[in-house]
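Encoded as structure tokens, the structure appears first; notes follow it.
Owing to the predicted nature of the structure, the values given are computational and were not obtained by experimental measurement. Residue numbers run from 1 in the order of the sequence given. When a ligand or atom number is given, it counts from 1 through the structure's own listing order.
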Amino acid sequence: MPEEMVPVLTRAEIAKKVKSLAQRISEDYAGKELIAVGVLKGAFVFLADLIRELTIPSRVDFVRLASYDSDTISSGTIRMTKDVELDIRGRDVLIVEDIVDSGLTIAYLVKHLKSFSPKSVKVCAFIDKTERRDVQVPIDYVGFVVKHGFLVGYGLDLDEKYRVLPAIYRIIS
Ligand code: IMP
Ligand code: MG
């Protein structure tokens with residue numbers, strides 16, 4: 001049975017927010033070169049939009065972390081199935097994530113990337129979902145704060161569905 005979906009963020013709201021985030025990041029990293037590390041798969045749409053609004057030079061890399069199976073609740077175990085390929089030692093790294101929920105994924109990734117001795121590691125999350133935070137992780141750049149619910153679209157999936165939608169919806173189950 002198809003899920004019921006309620007619109008949460010429109011395409012226009014998303015575009016406006018991405019632009020203002022990119023402006024802030026470009027100001028904060030003025031004179032520096034950024035390595036944007038996207039968390040696959042969810043962050044690929046946000047990352048693609050964000051980097052094209054940046055006015056500073058940047059390089060792109062990806063990691064792939066899995067914590068959710070086909071469920072909407074985190075299993076609590078993080079697996080890294082793809083690591084960074086660029087040499088991030090001494091570089092300014094910005095993790096680009098679609099959504100922070102329990103915080104486990106970001107906590108794991110920050111710790112992991114720091115082991116390569118980068119100059120700095122910051123986090124940019126498109127959505128900060130505050131309801132179920134287990135680990136307190138600093139999120140330096142937040143697009144939207146959404147208290148609860150399971151969201152899809154703009155890269156976010158439910159069992160690999162709905163990633164391609166250009167707007168954000170809440171699933172009613
Ligand atoms: P965390 O480790 O619990 O913070 O979970 C982060 C990851 O879970 C994100 O990278 C997403 O892939 C996934 N996730 C968390 N909440 C949602 C949601 O509402 N919709 C889709 N994916 C989600
Ligand atoms: Mg996911």
Side-chain angles (χ1 to χ4, degrees), residues 1-11 13-15 17-18 21-22 25 34-51 60-85 88 93-115 121-173:
M1 197 178 82
E3 288 83 14
E4 191 188 330
M5 309 207 301
V6 177
V8 175
L9 298 168
T10 66
R11 247 178 133 139
E13 287 169 328
I14 293 170
K17 183 65 78 175
V18 170
L21 276 175
I25 293 166
L34 196 64
I35 298 190
V37 175
V39 185
L40 293 171
K41 298 181 192 174
F44 83 105
V45 177
F46 175 46
L47 179 91
D49 283 351
L50 187 74
I51 55 172
V60 178
D61 207 344
F62 291 98
V63 292
R64 172 93 165 109
L65 295 161
S67 68
Y68 282 42
D69 297 317
S70 56
D71 212 347
T72 55
I73 304 290
S74 173
S75 63
T77 1
I78 313 293
R79 283 183 305 128
M80 171 171 282
T81 54
K82 188 214 164 301
D83 206 341
V84 280
E85 292 169 32
I88 62 166
V93 173
L94 181 66
I95 295 170
V96 180
E97 174 62 308
D98 52 359
I99 186 164
V100 179
D101 187 15
S102 71
L104 286 167
T105 302
I106 285 299
Y108 175 100
L109 185 56
V110 168
K111 196 172 163 210
H112 173 74
L113 294 181
K114 280 186 173 169
S115 73
V121 178
K122 284 193 184 182
V123 177
C124 174
F126 179 63
I127 293 172
D128 182 359
K129 199 160 75 171
T130 51
E131 179 192 54
R132 242 173 29 86
R133 193 63 38 83
D134 293 328
V135 195
Q136 287 315 313
V137 279
I139 309 173
D140 303 279
Y141 303 97
V142 176
F144 297 94
V145 176
V146 175
K147 277 209 190 82
H148 60 90
F150 197 83
L151 307 176
V152 295
Y154 200 63
L156 292 165
D157 73 303
L158 171 63
D159 207 5
E160 295 301 327
K161 287 181 294 183
Y162 312 124
R163 279 196 206 280
V164 298
L165 298 177
I168 293 273
Y169 300 84
R170 178 176 285 120
I171 299 277
I172 308 295
S173 51

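Close approach of ligand 1 to Ser102 (heavy-atom distance below 4.0 Å) involves ligand atoms 1 (P), 2 (O), 3 (O), 4 (O). Interface atoms of ligand 1 facing Asp157, defined by a heavy-atom separation under 4.0 Å, are 21 (C). Atoms of ligand 1 lying under 4.0 Å from at least one heavy atom of Glu97, given by number and element, are 9 (C), 10 (O). The ligand atoms of ligand 1 that sit less than 4.0 angstrom from a heavy atom of Gly149 are 19 (O). Ligand-side atoms of ligand 1 in range of Lys129: 16 (N), 17 (C), 18 (C), 19 (O), range being under 4.0 angstrom from any heavy atom. Distances below 4.0 Å separate heavy atoms of Thr105 from the following atoms of ligand 1: 1 (P), 2 (O), 5 (O), 6 (C).
Within a 6.0 Å sphere centred on CZ of Arg133, heavy atoms belonging to other residues, nucleotides or ligands number more than 12. Annotation for Lys111: atom NZ does not count as buried by contact number, only 12 or fewer foreign heavy atoms lying within 6.0 Å.
Between Leu156 and Ile99, the closest heavy-atom pair is CD2-CG2, 3.4 Å.
Residue contacts with ligand 1 leave out Ala43, since none of its heavy atoms falls under 4.0 Å from the ligand. In this structure, Gly42 has no heavy atom closer than 4.0 Å to ligand 1. Residue contacts with ligand 1 do not include Ile171, since none of its heavy atoms lies under 4.0 Å from the ligand. Contact between Val152 and ligand 1 is absent, with no heavy atom of the residue lying under 4.0 Å from the ligand.
Between Val110 and Val137, every side-chain heavy-atom pair lies at or beyond the 4.5 Å cut-off. With a 4.5 Å cut-off on side-chain heavy atoms, Tyr162 and Met5 count as touching.
For ligand 1, the polar-atom distance check against Gly103 finds a nitrogen or oxygen pair separated by under 3.5 Å.
Atom-to-atom distance recorded for Glu97:CD and Leu40:CG is 10.0 Å, nearest 0.5 angstrom.
Residue contacts with ligand 1 for Val39 are absent, since no atom lies close enough (heavy atoms, distance under 4.0 Å). Only side-chain heavy atoms of Leu156 come within less than 4.0 Å of ligand 1; its backbone N, CA, C and O stay farther off.
Using cut-offs of 30° and 60° for the angle between ring planes, the Phe126 and Tyr154 rings count as tilted.
The side-chain contact (heavy atoms from CB on, under 4.5 Å) test with Val152 is passed by exactly one of Leu158, Ile168, Asp157: Leu158. Of the candidates Val121, Val63, Val96, Val63 is the only one forming a side-chain contact (heavy atoms from CB on, under 4.5 Å) with Val37.
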